[in-house]
Amino acid sequence: MRDDYPFSIVEDRWQKFWEQNGTFAARDGGARPPYYVLDMFPYPSGTGLHIGHPEGYTASDILARYHWALGYNVLHPMGWDAFGLPAEQHAVQTGVHPAANTERNIAKFRSQICHLGFAIDWRREINTTDPAYYRWTQWIFLQLFRHGLAYVDARPVWWCPELKTVLANEEVVNGLSERGNFPVERRPMRQWILRITAYAEQLLAGLEDLDWPDSTKRQQVAWIGRSEGMEIDFSVAGSREVIDVYTTRADTLHGVTYLVLSPEHPALASIVAPECAASVAAYQKMAAAKSDLERTDLAKDKSGVDTGALAIHPLTGRTIPVWVSDYVLGSYGSGAVMAVPAHDVRDFAFAKKFFLPIETVVLLPDGAVELPHCGEGILTNSGDFDGMPSKDGRVAIGNRLQKLGRGRPAVNYKLRDWVFSRQRYWGEPVPIVWVDGEDFLKISCDQSSPFAEFLPDKPVSFSEGGKTSFAVPLPASQLPLILPPVDCYLPTEGGESPLARASEWLAVDLHPASGELRPAQGERAADGWIRGRRETNTMPQWAGSCWYHLRYLSPNFAAGPVDPAAEAFWKVPNFYIGGAEHAVLHLLYARFWHQFLHTIGVVRTKEPYPRLFHQGLILGEDGNKMSKSRGNVVNPDDVIASHGADALRLFEMFLGPLDAVKPWDMRAVGGIARFLKKIWRFFLNDDGRPSAVFVAEPCDDEPTQRLLHETIAIVRRDIEQLHFNTAISQLMILLNHMQRLKKIELATGKIFLQLLAPFAPHICEELWHRCGGTSSIAHAPFPEVDSQKMHRELGKILVQVNGRIRGELAVPPDLPSGEILRQARCLPRVEVHLMEREIVKEIYVPGKVVNFVLR
RNA sequence: GUCCGGAUGGCGGAAUGGUAGACGUAGGGGACUUAAAAUCCCCUGACCUUUGGGUCGUGUGGGUUCGAGUCCCACUCCGGACACCA
C-alpha cells in the first residue's frame, strides 16, 4: 500500500522555504528586466477570504512565477485596502477602535493568502490605514488642494439616514444606498469635492492606448459622457432673463415648441408668472423631496407645470411656453432644454401628456414622417434650411446662431466632480484647519509661513450662518494627521463625523510663523497664534486605492509617496488584475490621481494601468451567486484542508476561461487532486526516491519528444494569452502519455515539472528537489522549444469530396500537388464517388486539405 | 429602452475558415480485491447499419464559401453595463 501525496506537509515546507530564503524578493534594480504584476488589493473583511480571491491571485501568481523563470526581476506585492464602513460599524457596536478589528482581519487574510503559496514579496506589504501610508494619501490631497483641484461646496448630496452619512452619486443605486440598500434623501451639506472634471478630456484621451477589456473602456467612455453641441440663448418675453439651453441637435431648432427648466434652475423665481408662482413653488418643493428612485424610475410618467413665462425663439421670433419638469436635470448642461417633441422621445412623451404642440422638422430620408423620429433625415419647416440633410443643418443653423450672437458651440460631460468627503471615523482625516477671514490673511500674506506650503492661488472658503471660514492646509511636516481617539463612533446629530466628538483635538491653535500646532488653550488664541477648528470630514475608501500601485515600489520611503529611483525602475504594473465591478469607480479615480501626479512631476508615466484584466465570477455549484442565504458558499480553507493549495489553484484555473463566469464543481476538484496524485506516484517509488522509469541518458522516442516540445510551446503560448485551462489540459495529456512509457528521460520529467510549477508550485518544487534539483524550481530557466523535435516526416492531408471527409493521406511535405491529388483520387472512399460523378473543381490547400467538388 | 457579451454532449469546457466535442467530470463495462475504497484498461452526441460504413448534429432562419461552431444578415433566449445627460 503506497502513501498518497502528503500535500499538507509538502505545501507547508515550501511556503516556509520561499519565505525564509527570500525566493520572491524583488530587487530595485539590477540587470534583469523588471516585471510588475499587481492584484487589486483586498478589503480585509471579517468573513475572511472567499473563493473568488484565489482566482485572480492565482492568475497573477502564474504570471509572476512564469516571468521569474524567464529571467525577469518580478515584483508581485500584496496589501490591504483597510479603511471602510464594516470596521466602523463593528466599532459602533462594540466600542472597540476599528484599528483593532482591522488588524485581526488582516492577520487572518494574510495567513489565508500565505497558505495558497503565492510568490509574493511580503516585505512590501502595505496597509492604507497605517499612518505611514495615509500620510502620503493626505499629502496627495494637499497637492490637489494646492493646485485648485479640491474645493468645498454646500450642495445637495445624498444623505442616508440609516448609515448617517453622505454618499457619492455612484454609491446610490436606484435611490438606495449601495451598501445595505437603505433609502436615501437629498440634503445640502458642506463637502470636499475633487475637480475630476478638469481631467475629463485627459481621462478620455488616455483610454485609447490602454490594453483593457473593451467593455471596461466603453463603460469609462460612457461615464465621462462627452458630447458636442450648441448653447443657445432664448430670451424671455418681458424679462431681462436669458435662458441658455444646451443641445446636440441644433438642426431641430425650428421644431422647438416649448422650453423646460429643471426644478433647481436659478432663473425660475424671476421669470415665473404671478398666477403660476404657487404651483411652480409646490412643484419645486415636491421635486426636492423626491428620491433619485422617484425622479428616475417612477418618472416614466412625466410630471411638470407651466411657469406662465414665454420665451422667444432666436430664429423665428415666435413665443413658446416655458415649463418646469424634473425630467430635466439641474446638474447637466445649463439645467434647461429646448423641447423638440417631434424628434425626442422624452419631449414627445411630455408634449403628449400636457397637450403641447408637436412640429415635425426632420423627415425620414425617404421623405416619410414618423414620430418621434430621433435619427437623421431631411430638414423641413425650417425656413432657409429646408431640404438640408439634418447633419449639415446642424452646422448651418449653428453658424447662423453664432452670427446672430444667440449661440455658441459647447462641449458637455456627464462626469461630475467627485464628492470626496465622508462623515465617518474610519478614513483618512482631511488635513485642513478652518480659520476666520482675519486670521487667514495672516497666513496668506506671509509666503514664508509653513502654512502657505499648500495654499492655492484662490483661497477656499465656506460660509455658514453668516460666518465665513477659510481653509488652511497643514504643512507636510505636520503629516500624518493621525485619527484622534473618540469615545463614540457614531456621527454627531448634525451629521458631522465622529471626529467632531474629539473636542480636544478639534479646536487647535496655529502659529503661522513657526508652523506649529497645539490644542487650543484658553478662551482666545495667545499672541502670535491663531484659533482654528479642524476639518472633521474623512476621505472615502477610494482614496487609498488611488495610488497604492506606487507605494509598493518603495513602501518605506519617507520623503514622498514614491522613491523617484524606484519609480524610474518599476514604473507601473505590466499587468493588473481584479474584478469588473471596479470598471468605473476605482479605475477612473486612480487614473485621475495618477495623471495628476504626472502633471506635478511625481511620476513619469501618464497612466497607472496599461494592461488590465478582469477575472470572472465563480458561482456556487447550483449556478447561483455564492451567498450565505443560499448555502452554496465554498470556503477556500476547507478546499485547502481536503485537497491542498495546489489543487485549489489548479482547479480554479482549469475551470474555464479566466474571464468567464463559471460554477464551482466539487467533483472536478477531485479530478484535479487525482492529477496531482498521479504525478506524485509517477515521479516517486514507494521509498520516496525518483521512480525507476527515469533514466539519465537520452532514450525518449520521437513521439514523446515531439509531444514534450509541443507542450512547451502550448504552455508558453497559453500562459501569455492567459488561457490557463488549456495549458493545464495539455499537461494532463503529457502526463497520460508519459505514464504509459516503460522508461523516460529524467530531463523530460523535470521539464514537465517546470511547465507545471507556475500553476502548482508546491508539488513541483518538492519533486524537483527529489529529482536532484538544488535550488528553487522557480528560478530554473523556463524550458525552451526545440522546433526540430516537433518536425514530422510525413504530413497529414485530409481528403474531402464536396466538403465531406472521405479519407486522409500521409505524405512528405515536399510532394508535388499533382501527385497528392493523384493519390487522393485513388483512396477507396473517394474513388466510389468519383466513379459516379464528374469532377468540377479540385482544391488543394498545401499541407492541409484536398477537396474534390463534384457536379 | 440603449450598448456590450454569450448560446457546443448529462455537466465544466476544447477547436489559426479545414476530422466538432481535446482535457476533466459524470455514466456504462472490465481487471485487481474475500469485499469495498483506491488504481488501471475499454466504451460513451443522436439515428441507421450488411460492422465496411452511412445520415444528421454547435440556440432559430437565411446568406457567403470548395468547405462555416468559426464570417455576414435577421430573430429567440440568457448574462452584464448604462439608464430622462437633451
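In what follows, every heavy atom counts, from backbone to side chain, and hydrogens, waters and symmetry copies are set aside. Residue numbering restarts at 1 for every chain, and letters A, B, ... go by the order of the sequence lines.
Rounded to a whole angstrom, the distance from the C1' atom of A46(B) to that of C41(B) is 27 Å. Rounded to a whole angstrom, the distance from the P atom of A15(B) to that of G67(B) is 25 Å. Between the P atoms of A35(B) and C42(B), the separation comes to 23 Å (whole Å). Rounded to a whole angstrom, the distance from the C1' atom of U58(B) to that of A7(B) is 9 Å. Taking atom C1' on both C23(B) and U44(B), the two are 16 Å apart, rounded to the nearest angstrom. The P atoms of C4(B) and C71(B) are separated by 16 Å, rounded to the nearest whole Å. Distance check on atom C1': A26(B) versus G45(B) gives 15 Å, rounded to whole Å. Here the separation of C47(B) from G1(B), taken at their C1' atoms, is 45 Å to the nearest Å.
For Leu854(A), the side chain to side chain contact (heavy atoms under 4.5 Å, CB included) criterion is met by Val801(A), Asn802(A), His833(A), Leu834(A), Arg837(A), Ile839(A), Phe852(A), not counting sequence neighbours. By the ring-ring contact (aromatic ring centres under 6.0 Å, His included) test, Phe348(A) pairs with no residue at all, sequence neighbours left out. Among residues two or more places apart in sequence or in another chain, the side chain to side chain contact (heavy atoms under 4.5 Å, CB included) test is passed with Asn725(A) by Pro657(A), His723(A). Listed by chain and number, the residues in a ring-ring contact (aromatic ring centres under 6.0 Å, His included) with Phe651(A) are Trp664(A) (sequence neighbours excluded). For the ring-ring contact (aromatic ring centres under 6.0 Å, His included) test, no residue two or more places apart in sequence or in another chain qualifies with Phe752(A). Residues passing the ring-ring contact (aromatic ring centres under 6.0 Å, His included) test with Phe354(A) are Trp323(A), Phe350(A), sequence neighbours excluded.
The phosphate of G54(B) has OP1 or OP2 within less than 4.0 Å of a side-chain N or O from Arg829(A). Of the side-chain N and O atoms in Tyr332(A), one or more sit less than 4.0 angstrom from OP1 or OP2 of A86(B). Considering only side-chain N and O atoms, Arg806(A) lies nowhere under 4.0 angstrom from the phosphate OP1 or OP2 of G53(B).
Atom CD1 in Ile672(A) sits about 14 Å away from atom P in C23(B), given to the nearest Å. The CG-C1' distance, from Asp718(A) to C23(B), rounds to 12 Å in whole Å.
In this structure, Asn736(A) reaches the sugar-phosphate backbone alone: every heavy-atom distance under 4.0 Å involves primed, P, OP1 or OP2 atoms, never a base. As judged by a 4.0 angstrom heavy-atom cut-off over every strand, Val245(A) is placed among residues making no nucleic acid contact.
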Using the 3.5 Å cut-off, write out each protein N or O paired with an N or O of nucleotides 63-67 of chain B and the distance between them.
| residue | atom | partner | partner atom | Å |
| --- | --- | --- | --- | --- |
| C66(B) | OP1 | Lys841(A) | NZ | 3.3 |
| C66(B) | O2' | Asn851(A) | ND2 | 3.1 |
| C66(B) | O2 | Asn851(A) | ND2 | 2.5 |

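Applying the salt bridge (charged side-chain N to carboxylate O under 4.0 Å, His left out) rule to pairs touching residues 715-737 of chain A yields Arg716(A)-Glu784(A), sequence neighbours excluded. Listed by first then second residue, pairs satisfying salt bridge (charged side-chain N to carboxylate O under 4.0 Å, His left out) with a partner in residues 613-626 of chain A number zero, not counting sequence neighbours. Contacts classified as salt bridge (charged side-chain N to carboxylate O under 4.0 Å, His left out) and involving residues 655-668 of chain A (residues at least two apart or in different chains) are given here: Glu55(A)-Lys662(A).
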query = Could you write nucleotides 3-14 of chain B as a row of B, S and -, 5' to 3', where a protein heavy atom under 4.0 Å of any base atom gives B, of only sugar-phosphate atoms gives S, and otherwise -?
reply = -S-------BSS
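Between Glu831(A) and Arg822(A) there is no salt bridge, since no side-chain nitrogen of the basic residue lies less than 4.0 Å from a carboxylate oxygen of the acidic one. A salt bridge links Arg681(A) to Asp4(A): one of the charged nitrogens lies within less than 4.0 Å of a carboxylate oxygen.
Test Ile577(A), Ile62(A), Thr58(A) against Leu658(A) for side chain to side chain contact (heavy atoms under 4.5 Å, CB included) and you get one pass: Ile577(A).
Every stem involving RNA chain B, taken as at least 3 paired positions in a row under the Watson-Crick or G-U wobble test at 3.5 Å, is listed here: B:1-7 with B:76-82, B:10-12 with B:23-25, B:27-31 with B:39-43, B:45-48 with B:53-56, B:59-63 with B:71-75.
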